[in-house]
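Lettering of chains follows the sequences in order, A, B, ..., and the numbering in each one begins at 1.
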Amino acid sequence: MLQVPFIRENKALVIERLAKRNIDATQMINNVINFDEERRRLQTELDNTLAESNTLSKEIGNLYKSGEVEKANLLKEKTSQLKEASKELAEALSSKTEALNELLYKIPNVPHDSVPRGNSEADNEEIFKEGDIPKLYGGALPHWELAKKYDIIDFELGNKITGAGFPVYKGKGARLQRALIAYFLDKNTAAGYTEYQLPLMVNEASALGTGQLPDKEGQMYHVTEDNLYLIPTAEVPGTNIFRDVVLSESELPVSITGYTPCFRREAGSYGAHVRGLNRLHQFDKVEIIRVEHPSKSYKALERMVDHVKDILKELKLPYRILRLCGADVTFASALTYDFEVFSTAQDRWLEVSSVSNFETFQANRLKLRFKNSEGKNELAHTLNGSSLALPRVLAGILENYQTEEGILVPEVLQSYTGFKIIN
RNA sequence: GGAGAAAUGGCAGAGUGGUCGAAUGCGGCAGUCUUGAAAACUGUUGAGGGUCACACCUCCGGGGGUUCGAAUCCCUCUUUCUCCGCCA
């Protein structure tokens with residue numbers, strides 16, 4: 001969530017930048033400022049009442065000691081009045097604070113200066129493109145047909161065991177998945193990321209910390225018996241490592257990577273564009289997460305982009321990079337680059353990675369701070385990116401590497417798979 | 001799942017109704033000394049709110065209660081440890 005002092009001091013800028021998201025935030029921002037003023041007024045009033053009450057309590061103690069019981073009893077009456085007053089004030093204060101927070105939860109992050117204004121994903125800005133789109137043979141198939149032909153992914157079996165969106169990978173298909181995970185993790189750790197294995201379920205506090213709650217509750221699988229949520233991305237457990245943490249400046253930057261399955265309800269999604277591996281309820285992803293000094297976070301974002309580029313280049317997949325427009329940039333992000341691989345047989349681009357700088361938006365909710373050179377606690381910047389999400393990379397490989405003899409395995413993966421062709 | 005014990009600042013660990021935001025040690029930071037470092041010595045060092053800055057307020061696992069007054073007493077929840085049971 002945004003920081004109130006920042007909103008107070010940069011009101012015009014905040015409204016102007018939020019307009020990139022096609023929202024007129026004037027009313028919301030005015031409310032934030034008003035609520036906050038009211039909140040501070042109540043706080044001061046409550047503090048004064050408590051101060052008075054504290055002083056009187058000390059006096060009463062002294063009076064008892066010196067045996068002046070009557071005087072003490074007189075003061076007691078006054079403290080009970082103050083107590084009632086403070087109780088009312090405390091209630092008013094907490095309801096005002098809650099109202100303010102609820103409001104703040106609903107305001108998305110302020111987009112970075114470079115984010116283009118836009119109405120839909122059509123306004124995303126293509127900033128880079130690389131790799132040749134292969135010319136496929138006449139009988140080229142989309143990946144869900146290939147999966148069936150070579151018996152490497154069984155969607156129907158997943159239907160039987162669980163339901164739609166929970167595919168079963170078999171034989172060389174399963175091995176290829178494992179190869180991709182190992183390859184991604186190796187690339188990430190070679191780039192300095194520390195590998196983590198994280199819990200696949202998180203508690204409510206963690207889901208709140210990274211912003212899945214309260215607004216995206218319906219997107220997560222919820223284990224009601226124990227009030228735990230299945231993670232929609234490793235970002236949730238990974239970033240919550242740093243909830244309520246004060247780092248020393250020398251510990252920055254922190255960079256971690258982790259492989260996890262991801263679970264998403266994807267309520268309301270259906271149709272041809274979600275066929276096969278294009279959209280799943282359970283999928284695998286290797287994530288990279290960074291905690292950065294605010295002055296260095298945008299450099300770090302560029303480095304993350306370069307890192308993902310390097311991987312796609314090694315896999316020899318045709319891809320492009322989009323700078324997301326205001327309409328498409330996610331709620332918590334200030335600047336997001338999406339990577340899309342061209343799926344030749346489907347003749348469309350598939351998102352395989354999303355790399356974002358959240359600036360202090362997540363850190364504020366998480367209370368993730370570092371002790372700066374002046375010895376003061378300051379919110380850190382958080383960033384994350386997929387490096388990479390498996391299913392669509394797999395779809396891209398299957399479709400782009402298909403030949404009449406079978407599906408070739410990208411060279412960099414061959415040492416991981418132990419085979420060169422799926423046939 | 002059953003029985004018992006515990007939860008205090010970055011860590012360890014005192015504190016059982018007012019003099020406690022909290023001893024002491026370690027760690028961190030600054031300084032003295034040193035060519036530099038280490039050691040030693042001196043000082044400093046929790047977080048949040050609030051203020052131009054002070055003042056002031058809140059926080060001793062979470063929530064509630066008793067009391068003029070709670071880290072300290074009571075209730076409750078959570079977590080950890082020990083023992084037993086079960087178990088990959």
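Note: His281(A) and Tyr221(A) have perpendicular aromatic rings, judged against thresholds of 30 and 60 degrees for the angle between ring planes.
Nearest heavy-atom pair across Cys325(A) and Gly118(A) is SG-CA, 3.9 Å.
Pairing partner, rG9(B): none, since no Watson-Crick or wobble contact has both distances short of 3.5 Å. Using N1 to N3 plus N6-O4 or O6-N4 for Watson-Crick, or N1-O2 and O6-N3 for G-U wobble, each under 3.5 Å, rU51(B) pairs with nothing. A 3.5 Å limit on both hydrogen-bonding distances identifies no Watson-Crick or G-U partner for rU72(B). Across all strands shown, rG31(B) is found opposite rC41(B) as a Watson-Crick or G-U wobble partner, with both distances under 3.5 Å. Across all strands shown, rA88(B) forms no Watson-Crick or G-U wobble pair with both distances under 3.5 Å. Base pairing of rC59(B) is made with rG46(B), judged by Watson-Crick or G-U wobble geometry with both donor-acceptor distances under 3.5 Å. Searching all strands for a Watson-Crick or G-U wobble partner of rA14(B) with both distances below 3.5 Å returns nothing.
Considering only side-chain N and O atoms, Lys83(A) lies nowhere under 4.0 angstrom from the phosphate OP1 or OP2 of rU67(B). At the phosphate of rU58(B), OP1 or OP2 sits under 4.0 Å from a side-chain N or O atom of Asn54(A).
At the heavy-atom level, Asn377(A) lies under 4.0 Å from the strands shown only through sugar-phosphate atoms. In this structure, Lys78(A) reaches neither bases nor backbone, as no heavy-atom distance under 4.0 Å exists between it and the strands shown. At the heavy-atom level, Arg39(A) lies under 4.0 Å from the strands shown only through sugar-phosphate atoms.
Among the nucleotides rC68(B), rG48(B), rU58(B), the one closest to any side-chain atom of Ile60(A) is rC68(B). Listed nucleotides rG18(B), rU58(B), rA47(B) differ in distance to Ser57(A); the shortest reach to its side chain belongs to rG18(B). Minimum atom distance to the side chain of Leu50(A) is reached by rC57(B), of the listed rG18(B), rC57(B), rA47(B). Checked against rC57(B), rA47(B), rC68(B), the side chain of Thr79(A) finds its nearest nucleotide in rC68(B). Across rC57(B), rA47(B), rC68(B), the shortest atom-to-atom separation from the side chain of Asp47(A) is found for rC57(B).
Nucleotides of RNA chain B nearest to Arg40(A) and Leu46(A) differ in position, and the one nearer the 5' end is that of Arg40(A). Residue-to-nucleotide proximity on RNA chain B shows that, of Val246(A) and Ser53(A), the 5′-proximal contact is made by Val246(A).
As rounded to whole Å, 13 Å separates atom C1' of rG49(B) from atom CG of Leu100(A). For Lys96(A) and rG49(B), the NZ to P distance is 19 Å, given to the nearest whole Å. At whole-Å resolution of the value, NZ in Lys371(A) and C1' in rG27(B) are 14 Å apart. We find that OH of Tyr64(A) is positioned 12 Å from P of rU67(B), with the value rounded to whole Å.
Taking the ring centre of Tyr150(A) as origin, the terminal cationic atom of Lys172(A) falls outside the region bounded by 6.0 Å and 45° from the ring axis.
rG49(B) and rA55(B) are spaced 16 Å apart, taking the P atom of each and rounding to whole Å. A gap of 12 Å separates the C1' atoms of rA22(B) and rG13(B), to the nearest Å. If you take atom P in rA71(B) and the same atom in rG9(B), they sit 15 Å apart, rounded to whole Å. When the P atom is used for both rU32(B) and rU80(B), the distance is 48 Å, rounded to whole Å.
Aromatic rings of Tyr298(A) and His112(A) (six-membered ring for Trp) have centroids within the 6.0 Å cut-off, being under it.
If you run side-chain contact (heavy atoms from CB on, under 4.5 Å) between Leu368(A) and each of Asn240(A), Leu247(A), Ile241(A), only Leu247(A) comes through.
One side chain, Gln362(A) or Glu235(A), offers a donor N or O that lies under 3.5 Å from an acceptor on the other.
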